[in-house]
Amino acid sequence: MKPVRVMSVFGTRPDAIKMCPLVLALEKDSRTESIVCLSAQHREMLDQVIRRFGVKPDYDLNIMKPRQTLYSITNDLLTGLEPVLAEAKPDIVLVHGDTSTCFVAALAAFYAKIPVGHVEAGLRTYDRYSPFPEEMNRCLVGRIATLHFAPTELNRENLAREGLTENVVITGNTVIDSMKYTVREDYRFENEVLASLDFSAGRYVLLTAHRRENLGEPLRNICRAARRLAAEYPDLHIIYPVHLNPAVREIVYAELGDVERIHLIEPTDVVDNHNLMAKCTFVMTDSGGIQEEATAVGVPTLVLRTETERPEGLSTGILRLVGVDENVIHDTAAKLLSDRDFYDAMAHAANPYGDGFASERIIDAIVAWKENN
């Protein structure tokens with residue numbers, strides 16, 4: 001059988017973290033021919049990741065614009081992919097997760113009558129507007145995709161409830177594959193601020209918040225809770241890599257720019273970020289992928305959202321939903337800092353998201369599908 005031509009399309013930092021190990025595995029496997037197409041829905045943060053993994057794109061649509069909208073992303077990516085798909089002629093297009101790049105690339109492949117494989121399929125909150133537009137993106141991709149790569153059994157069950165039972169494979173999450181490349185005990189940070197900190201003295205918390213639905217008052221609440229925690233615990237350092245979105249940066253720097261021991265830094269690259277998580281006392285985040293990454297290194301994580309599509313972490317106890325109320329965030333974080341039993345109940349390395357071999361399972365499933373079709 002000729003090698004299967006597999007085109008991976010992605011364009012954001014979180015997607016790249018999870019797709020790069022799969023791309024590397026595709027490149028090594030003689031049964032597949034790997035083609036990489038970047039949308040560059042995010043530009044700088046995407047480039048950080050692909051440089052770290054040594055992934056070289058075959059196509060780069062470079063669609064990012066200042067203050068881009070869902071409309072502009074959709075339009076630019078859909079029209080940009082048409083000639084790429086016509087030229088590359090892949091046997092299958094792989095998309096990841098729930099970004100606008102994921103949805104639009106799947107739609108473009110469908111228009112070209114090219115089968116789609118959905119990596120990280122079956123995550124659901126069952127609220128179409130939260131996270132927005134991610135929940136609807138992944139649901140729509142589920143209707144388009146031919147192959148569904150579900151990280152967990154619960155994800156498979158979600159798909160089955162929607163009538164999607166054919167070509168569903170439980171693979172684990174590729175982010176665990178990614179961390180095999182990145183986390184090291186003797187790691188030295190490249191970020192100058194992180195390299196200057198003494199992680200053996202004091203306690204460190206990683207904070208990230210950038211989701212569209214948290215912009216405005218929810219993000220201000222998160223920042224105010226962080227300000228209170230820094231004031232109350234003199235040994236506490238809060239490290240906040242601030243997203244490049246101007247709407248995020250305006251609020252964060254206004255609320256936290258002058259607070260001692262809150263370190264506002266530029267977005268860290270994937271290797272710095274994974275090793276930072278491993279050194280932190282706990283994590284506070286509204287990110288999806290960080291919920292899995294922090295779980296992989298056994299770090300308690302407070303989820304700054306009202307719902308999560310990753311309930312497996314909640315069931316192990318290492319994740320806790322705290323929403324976006326200032327007092328709830330503050331009080332739960334303070335309990336982690338002051339109640340050892342509460343902390344120990346959350347801090348363990350039970351990882352429901354995989355064993356680090358998701359990429360190999362995905363490739364095996366693609367090859368088996370191609371042999372039978």
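Values below: every heavy atom of this structure, side chains too, minus hydrogens, waters and symmetry copies. Position 1 is the first residue of the sequence, and the numbers go up from there.
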Using a 3.5 Å distance criterion without hydrogens, assess whether the side chain of [X] forms a donor-acceptor pair with backbone atoms of [Y].
X    : Y    : value
E120 : P151 : no
Y240 : A209 : yes
N214 : L219 : no
D344 : D341 : no
R5   : A88  : yes
S178 : I17  : yes
D272 : L194 : no
Y353 : Q291 : no
N167 : L147 : no
T301 : V299 : yes

At what distance, to the nearest 0.5 angstrom, does [atom1] of [X] lie from [atom2] of [Y]?
X    : Y    : atom1 : atom2 : result
D15  : Q41  : CG    : CD    : 7.5 Å
I362 : L22  : CD1   : CG    : 5.0 Å
T316 : M346 : OG1   : CE    : 8.5 Å
F149 : T171 : CZ    : OG1   : 7.5 Å
T285 : I290 : OG1   : CD1   : 4.0 Å
I176 : E293 : CD1   : CD    : 8.0 Å

Just jot down the salt bridge (charged side-chain N to carboxylate O under 4.0 Å, His left out) partners of R249, sequence neighbours excluded, or say none.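 R249 satisfies salt bridge (charged side-chain N to carboxylate O under 4.0 Å, His left out) with E266 once adjacent residues are dropped.
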
Between the side chains of [X] and [Y], is a donor N or O closer than 3.5 angstrom to an acceptor N or O?
X    : Y    : result
N275 : R184 : no
S359 : D177 : yes
S72  : N75  : no
S130 : E307 : yes

Should I63 and I73 count as side-chain neighbours, where that means a heavy-atom distance under 4.5 Å? yes

Are T152 and P352 side-chain neighbours, meaning at least one heavy-atom pair lies under 4.5 Å? no

I need the full list of side-chain hydrogen bond (donor to acceptor under 3.5 Å, both in side chains) pairs touching residues 362-373, with sequence neighbours left out, sorted by first then second residue.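 Those involving residues 362-373 are R31-D364.
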
Under 4.0 Å between a Lys/Arg side-chain N and an Asp/Glu carboxylate O for [X] and [Y]?
X    : Y    : result
R124 : D98  : no
D91  : K2   : no
D235 : R203 : yes
D60  : R43  : yes
R67  : E250 : yes
R224 : E217 : yes

Can [Y] be reached from [X] by stepping across I, L, V, M, F, W or Y side chains whose heavy atoms are under 4.5 Å apart?
X   : Y   : answer
F10 : L94 : yes
M19 : V9  : no
V84 : I92 : no

How close do V183 and A278 get, counting heavy atoms only, and between which atoms?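 Reported closest heavy-atom pair: CG1-CB, 4.4 Å.
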
Considering all heavy atoms of both residues, which atom of V36 and which atom of V23 are nearest to each other, and what is their separation?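 Minimum heavy-atom contact is CG2-CG1, 3.6 Å.
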
Determine whether more than 12 heavy atoms belonging to other residues, nucleotides or ligands lie under 6.0 Å from atom CD of E27. yes

One pair to check against side chain to side chain contact (heavy atoms under 4.5 Å, CB included): L77 and S100. What are the steps and the verdict? CA-CA 9 Å; L77 184 53; S100 294; over 6 Å; no

